[in-house]
Number of protein chains: 2
Amino acid sequence: MPNPAPRSPLLQGTLDLLVLKTLARGPRHGYAIARWIEDATDDALRIEEGSLYPALYRMERRGWIDAAWGKSEIGQRIKVYSLTTAGRAQLRAESAQWSHFTAAVAKIVGQP
Amino acid sequence: MPNPAPRSPLLQGTLDLLVLKTLARGPRHGYAIARWIEDATDDALRIEEGSLYPALYRMERRGWIDAAWGKSEIGQRIKVYSLTTAGRAQLRAESAQWSHFTAAVAKIVGQP
DNA sequence: TCGAGCTACCTTGACATTCTAGGTACAGCA
DNA sequence: TGCTGTACCTAGAATGTCAAGGTAGCTCGA
């Protein structure tokens, strides 16, 4: 008896790349990063907060991003993230890896 | 102190698609599926046996593939997998999902 | 003034998947 | 005889994502 299929976790391993690339356009706070990615992809990519904040924490721990507390225009406390030099290198590496990977998948998937 | 980065798990969620697509070319046994994917991608994709066999078992349980014991040309016992009708539908669905997803990522990643 | 709704952050626990590292068995060959 | 390659399998650990909760403060309308 076939079990139902859960939604497939394609985002796995790509979230870091997306966040790094978003921060490459300039510093942003967490919530804004998620909103920007969703907007830029017409909601094709939805970033859950339960994935985002652990990811940001992880990347900070690895030295790819820096965090600084600040205030939004309306006075809310926000945590602003920016790319470090190591983060920039990581972005290049993950970018290359991503295109390498998709090219390989295309060799299998992209044919009759 | 920055921690080292482990290799990122890009394959996550894509293995099923790769296996389904491989089986769409005709029945194959597990080991041969892995070899074929590695060959077709010039070793860009490496399929570990510890990932492959659980994945095959999973997909069989979900009714996407059928398994049958057989013998290789040199008399080794092999387990030959083939796509079911449900598997063919799943392949179409995952294919569509994959191109949808990569297109969305490209919107973020693929620009200056 | 009270509450609803939004921004913004965070955490816990469950879950799925992959990988490492083992294991078995047998065939062919040196 | 022992090595290499084919072929299958599994246990345990690690990783990452998600659902679902929570906090706090601001704005705006009733």
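Because the structure is a prediction, the values reported are computed rather than measured. Naming convention: chains lettered A, B, ... in sequence-line order (proteins, then strands); numbering from 1 in each chain.
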By nearest-nucleotide position on DNA chain C, the 5'-leaning member of A:S72 and A:G50 is A:S72
Whole angstroms only, please: what is the OH-P distance between B:Y57 and C:dA16? 14 Å
Spacing of A:D16 atom CG relative to D:dT15 atom C1', expressed in whole Å: 11 Å
Where is the tightest heavy-atom contact between A:K107 and B:A40, given as atom of each residue plus distance? CD-O, 3.5 Å
Polar side-chain contact A:Q12-D:dT17 base: donor and acceptor under 3.5 Å: no
Taking C:dC19, D:dT17, C:dA8 as options, the one with an atom nearest any side-chain atom of B:S51 is C:dC19
Note, A:D16 side chain near A:R62 side chain (heavy atom, < 4.5 Å): yes
Can you tell me if the side-chain N/O atoms of B:K71 get under 4.0 Å from OP1 or OP2 in D:dA7? no
A:L17 CG - D:dT17 P separation (whole Å): 12 Å
Does B:Q76 get its side chain close enough to the base of D:dT6, under 3.5 Å, for a donor-acceptor pair? yes
DNA chain D: A:G75 or B:K79, which has the more 5' nearest nucleotide? B:K79
Starting at atom CH2 of B:W69, determine the distance to atom C1' of C:dA25, rounded to an integer number of angstrom. 11 Å
Nearest-nucleotide pick for B:R62, side chain only, options being C:dT11, C:dA8, C:dT17: C:dT17
Nucleotide C:dT7, atom P - distance to CG of A:L52 in whole Å: 15 Å
Over how many whole Å does the gap from A:R46 atom CZ to D:dA19 atom P extend? 10 Å
Would you say that B:W36 contacts A:I108 through its side chain, given a criterion of any heavy-atom pair below 4.5 Å between the two side chains? yes
Nearest of D:dC9, C:dC10, D:dC26 to any side-chain atom of A:Y81? C:dC10
What integer distance in Å separates A:I78:CD1 from D:dA24:C1'? 15 Å
D:dC8 phosphate, OP1 or OP2: any side-chain N/O from B:Y31 under 4.0 angstrom? no
Nearest of C:dC19, D:dC9, C:dA8 to any side-chain atom of B:L11? C:dC19
Between D:dC9, D:dT17, C:dT11, spot the one nearest the side chain of B:E49, thanks. D:dC9
Separation of atom CZ in B:R61 from atom P in C:dA16, rounded to whole Å: 9 Å
Apply side-chain contact (heavy atoms from CB on, under 4.5 Å) to residues A:T102 and B:W98 and explain how you reach the verdict. CA-CA 10 Å; A:T102 49; B:W98 171 251; 4.0 Å; yes
In terms of the nearest nucleotide of DNA chain C, which residue is placed more toward the 5' end: A:P54 or A:I74? A:I74
Is the distance from OP1 or OP2 of D:dT17 to the nearest side-chain N or O of A:R58 less than 4.0 Å? yes
Between B:Y31 and B:E49, is there a side-chain heavy-atom distance shorter than 4.5 Å? yes
